[in-house]
Amino acid sequence: MDQAERLRELVKIKKQESGNFENENDSDEISFINKKTSTKVIAVASGKGGVGKSNFTVNVALELNKMGNRVMILDADLGLANVDILLGINPQYNLSHVLKEEKDMKDIITETEYGIKVIASGSGVKELVNLSNQQRNRFIEKISELEDIVDILLIDTGAGISKNTLSFMYAADYSIVITTPEPTALMDAYGLIKVSSLNKKDIQLKLIVNMVNSKEEAREISSRVILLSRRFLNIFVEPYGYIFRDKNVLNSVMTQKPFSIQYPDTKATQCIKQIAEKISAKILKENVQTVNVPQNAGNIFRKIFEVFNR
Ligand SMILES: Nc1ncnc2c1ncn2[C@@H]1O[C@H](COP(=O)(O)OP(=O)(O)OP(=O)(O)O)[C@@H](O)[C@H]1O
Ligand SMILES: [Mg+2]
């Protein structure tokens, strides 16, 4: 991909399996923006709620920042914002001000004491939950205003297969799907992979298993989702790692100080560091590559083992 090239195309897509959409408030086809800019945009999503998306996003952002990347989090859990709570910040402005056209995206950026920037969503703002297609697309287009301000933009999305979440996933360069080993979370992760890939065949999906008790459990769970997706959906989901169940995660949520700061050596932080290294290394590699090499979906087992045997 030519870094200088700003390829932005508005693609009209058919609402395949649209019966699965939550918060459906109008019956038009949804559209999405396929965005390729020099800023790496990564969406964090899950089928089931409460699997650890926001904690992952905040802590991986902090680790990526420590590695020298300029990082911003966009809280796209519209109407149910959590990122500001986890960081212990109280942003003056949020996305509802952009929606009301009182502010531009750039005006609502909150600088944090940790060096990362945050665009907060409004909590309990009904208008953010019930965005029209046009409003949603305008929001996503505005992501390009953030280009060049940061190297990595992490988008923390709301759980489930909503139009909001799917649109942010389509706007991103790739999406990280988070699950836990619980069968319900696994089923919902598979559901999200299925619906998101039906609408966009070339969607780039990575998988992280959170709250695992062992590396073996992580490998087993990861393999199951990846092989099912390959077999029944013909989608290669790349294994991206795992995060141990760790009581310090909850401790840090209670004190509103991210666990990677408060507990730099705890098990969950070690896992987050490994994932951040992977994200950072890939970006570095892609930036020096002159030719975009298509992802080799050939040897799934090798890829799964590469992640879990380090
Ligand atoms: N690795 C972990 N170990 C132990 N507990 C965890 C871990 N990750 C998350 N949790 C617990 O799960 C809770 C929910 O996490 P979080 O808010 O990040 O999930 P979420 O997916 O963003 O939820 P939502 O779908 O509501 O946005 C945390 O408050 C914490 O108690
Ligand atoms: Mg969340």
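Order of appearance sets the numbers: ligands from 1, and atoms from 1 within every ligand.
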Protein residue, atom and distance nearest to atom 12 (O) of ligand 1, heavy-atom basis
M211 CE, 3.6 Å

Nearest to atom 29 (O) of ligand 1, what protein heavy atom do you find, and at what distance?
V253 CG2, 3.7 Å

Do [X] and ligand 1 have an N or O pair less than 3.5 Å apart?
{"X": "L86", "answer": "no"}
{"X": "K247", "answer": "no"}
{"X": "K53", "answer": "yes"}
{"X": "N210", "answer": "yes"}
{"X": "G52", "answer": "yes"}
{"X": "L250", "answer": "no"}
{"X": "S54", "answer": "yes"}
{"X": "S46", "answer": "no"}
{"X": "V51", "answer": "yes"}

Metal environment of the Mg ion (ligand 2), protein N/O/S under 2.8 Å
S54 OG

Within 45° of the ring axis of F244 and under 6.0 Å from its six-membered ring centre, is that where the NZ or CZ of K267 lies?
yes

With heavy atoms only and a cut-off of under 4.0 Å, state how F244 meets ligand 1: side chain, backbone, both or neither.
backbone

With heavy atoms under 4.0 Å as the rule, classify the contact between V249 and ligand 1 as side chain, backbone, both or neither.
side chain

Under a 4.0 Å N-O cut-off, is there an ion pair linking R245 with E217?
no

Name all residues meeting the salt bridge (charged side-chain N to carboxylate O under 4.0 Å, His left out) criterion together with E101; count only those two or more places apart in sequence or in a different chain, and write none if there are none.
R138

Are there more than 12 heavy atoms of other residues, nucleotides or ligands under 6.0 Å from atom CD of E216?
yes

Verify the distance criterion only: is there a donor paired with an acceptor across the side chains of S162 and T165 at less than 3.5 Å?
yes

